[in-house]
Amino acid sequence: MTNFKSFMANLPARIVLLAYSVIVLYPLFWTVTASFKTTTEFYKNPWALPKALHWGNYINAFNKANIGAYFLNSVFVTAAALAISTTLAFMAAYVIARYDFPVFQWIRKLYMVALFFPVAFKIVPLFLLLNQIHLLDSLWGLVIVYAASSIPFTVFLMTGFLGSISKEYEEAAMMDGCSRFGILFRIIAPMARAGLVTVIVFNFMSYWNEYIMALSFISTESKRTLTLGLAYLMEVQRYATDWGALFAGLVIVMVPTMVLYALLQKQITSGLNVGGLKG
Amino acid sequence: MNRNLKTFLWTCTLPALVLFLVFDLYPFVRAILMSFYSWSGVSDVKTFIGFDNYRTLLHDPIVWKSFKNNLFFLLVVPVVTMGLAMLFAVMLMRSKLKERLFYRTTFFFPNVLALVVISILWSFIFHPTFGILNSMLKGIGLSGLTHAWLGESGTVLWALAAPMVWQAVGYYMVIYMAAIEGIPPDMYEVAHLEGASQFKQFQLITLPLIWSVLRITVVFFLIGVFNFTFVFVRIMSDGGPDHASEVLMTYLYGQAFSNGNFGYAMAIGVFMLLITVVLTFLSEAFMKREAIQY
């Protein structure tokens, strides 16, 4: 009897939650099915499922819309920016967390304030700066501005993680004659693995999904990143109406983040509590 | 400080600092300075014109229209998002549903998708001829309610707000869930024994105890809304129809990159910055309450 009672008590909540689940999931399901539809199927009935898996859209996305090249550009920019921002921010955060000299505490405060800079505000001056140093319309230029833009956040998050590691390990390693850099990369880095994974995941998402800077700084077609290519594809398809390829493109962008989310779901959602808000 | 240590400390901090100073702080400062000049960006001719750009701005009807649209998003999106997020968080934490993890995972998911993907996807939901919203309305016999959602000035702002809420609800829900988890369960037990209703428990226990978290999320969200409206507006409606969905950021962008008015664009940027600062302070002041310890 108590089982039934609690079932009934939970019923209203359950209905609301299920309804919202449909609102979240159906558009995603619709995107995936639409990516397998032929153009005629697409126009006929938006609710119907495709008769067969029409892989042609994916082939079109790669051949005609050049999605493959955009994919590689995104991989390159994301990987290079991750390598730079993670390494530099990790080293800086270690010093800020461990050494109590005023100058490093000032740097920490500077990064804290910078967390509140609106991205949009610096697009125009960045554009001019990149133009002056000949890094406009260059993937390396994009790498550098991506890495720079996430320094404050990454240092902020890493400082919290590193502060919680006991100092005894370093002292012991120091006795054994390990160099300071040796300690940093061979002892601290493996111990801070959870923190590193969290910042890497966060920054991966923001680089992989970034649009405003790519739009502003990249003009050559072959240098487009995935999100940029997709946005252009959308504009082109308004006239060409090859919607299938566009949906295939959407799925191609979604898959890496989906996989990462499935694997690291816990880290992503628990990083939220440690990172942004309790600080 | 011994020399060896000094070298180590600066080798660690300097590279990040230089990157930050050159590509974050310098553009920020330069943007402010630029707003006092008349400059096309391409030519070398830069004329100092003092506050002229700001004077133009005050009499530019599109600036005020964009400003109103910004305020619409700043008000509607956080209120609806946080309302839903709070409702779901309380439901998931207070009722012991077995499938709790499923909802948590599902609701959070849109947050990891690219804003570009979400914008394109929702453009199709709102598509006048083969969008799922209109065809659903027709299917349940409400053909009268169909709209060209993104093409009519009466509906476009709401149509843009929907995906913004959709992508953010799960994020705030997860934060609120973590905050609620930190509340000692015996407080609820006592309240339950005293006969307090679920609503009373929310009002007298949950809300006051997670207030500080709520406050921080409001500030973060306001800044976030400023940043992400650009992507939604640009891809879904491009400011149209007839500037009905223009926001300051899209207007700034057009002034800089289409019209070449770099100085004027940066004055709009400074105006945006001021709004963010004022809003941050207002929401801080507005939400000020005694912190409650437990």
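First the proteins, then the strands, lettered A, B, ... as listed; each starts at 1. These numbers were taken from a predicted model, which means no experiment stands behind them. Heavy atoms only: backbone and side chains are in, while hydrogens, waters and symmetry mates are out.
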Asker: What about the rings of B/W10 and A/F104, do their centers lie closer together than 6.0 Å?
Answerer: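 Between A/F104 and B/W10, which both carry aromatic rings, the centre distance is below 6.0 Å.
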Asker: Within the 3.5 Å criterion, strictly below it, is a donor on A/Y111 or A/T159 matched to an acceptor on the partner's side chain?
Answerer: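 The answer is no; no qualifying pair exists.
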Asker: Give, as side chain, backbone, both or neither, the part of B/E99 having an atom under 4.5 angstrom from any heavy atom of chain A.
Answerer: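 The answer is the side chain of B/E99.
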Asker: For B/Y253 and A/S216, does a side-chain donor sit closer than 3.5 Å to a side-chain acceptor?
Answerer: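 Yes - a donor-acceptor pair under 3.5 Å links their side chains.
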Asker: Ring centroid separation for B/W122 and B/F232, is it under 6.0 angstrom?
Answerer: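 When the ring centroids of B/W122 and B/F232 are compared, they turn out to be at least 6.0 Å apart.
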Asker: Are the ring centres of A/F127 and B/F257 closer than 6.0 Å?
Answerer: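 Between A/F127 and B/F257, the centre distance is under 6.0 Å.
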Asker: Under 4.5 Å from any heavy atom of chain B, what part of A/W30 do you find: side chain, backbone, both or neither?
Answerer: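 The answer is the side chain of A/W30.
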Asker: Please flag which part of B/L248 lies under 4.5 Å from any non-hydrogen atom of chain A: side chain, backbone, both or neither.
Answerer: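 Looking at B/L248, nothing touches chain A.
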Asker: Checking B/Y26 against chain A: side chain, backbone, both or neither under 4.5 Å from a heavy atom?
Answerer: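 The side chain, not the backbone.
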Asker: Is the shortest side-chain N to carboxylate O distance from A/E170 to A/R98 below 4.0 Å?
Answerer: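 Looking at A/E170 and A/R98, the cut-off is met.
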Asker: Flag the pair B/F202 / B/M86 as yes when at least one side-chain heavy-atom distance between them is below 4.5 Å, and no otherwise.
Answerer: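 Touching, per the 4.5 Å side-chain cut-off.
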Asker: Do A/S21 and A/Y26 have side-chain atoms, one donor and one acceptor, less than 3.5 Å apart?
Answerer: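 Looking only at side-chain atoms, A/Y26 and A/S21 do not form any donor-acceptor pair under 3.5 Å.
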Asker: Under 4.5 Å heavy-atom distance to chain B, tell me which part of A/I23 shows up: side chain, backbone, both or neither.
Answerer: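 Interface part for A/I23: both.
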Asker: Is it the side chain or the backbone of A/F90 that comes within 4.5 Å of chain B heavy atoms, both, or neither?
Answerer: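 Contact with chain B is absent: no heavy atom of A/F90 under 4.5 Å.
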Asker: Where on A/T87 is there a heavy atom nearer than 4.5 Å to chain B: the side chain, the backbone, both, or neither?
Answerer: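 For A/T87, there is no contact with chain B at all, as no heavy atom is under 4.5 Å.
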Asker: So for A/V155, is it side chain, backbone, both, or neither that comes closer than 4.5 Å to the heavy atoms of chain B?
Answerer: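 Neither the backbone nor the side chain of A/V155 comes within 4.5 Å of chain B.
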Asker: Does any backbone or side-chain atom of A/Y99 lie under 4.5 Å from a heavy atom of chain B? Answer side chain, backbone, both or neither.
Answerer: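 A/Y99 touches chain B through side-chain heavy atoms alone.
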Asker: Under a 4.5 Å cutoff for heavy-atom pairs, which residue among A/L129, A/L228, A/I123 has the most contacts with chain B?
Answerer: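 Maximum pair count with chain B is reached by A/L129.
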Asker: Could you tell me if the side chain of B/F230 sits less than 4.5 Å from the side chain of B/V247, heavy atoms only?
Answerer: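 When only atoms from C-beta onward are counted, B/F230 and B/V247 do not touch, as no gap falls below 4.5 Å.
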Asker: Relative to chain B, which segment of A/I151 carries a heavy atom at a distance below 4.5 Å: side chain, backbone, both, or neither?
Answerer: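 Side chain only.
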Asker: Relative to chain B, which segment of A/L226 carries a heavy atom at a distance below 4.5 Å: side chain, backbone, both, or neither?
Answerer: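 It is neither, since no heavy atom gets under 4.5 Å.
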Asker: Identify which part of A/A34 has an atom lying under 4.5 Å from any heavy atom of chain B, answering side chain, backbone, both or neither.
Answerer: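 Answer is neither: A/A34 stays 4.5 Å or more from chain B.
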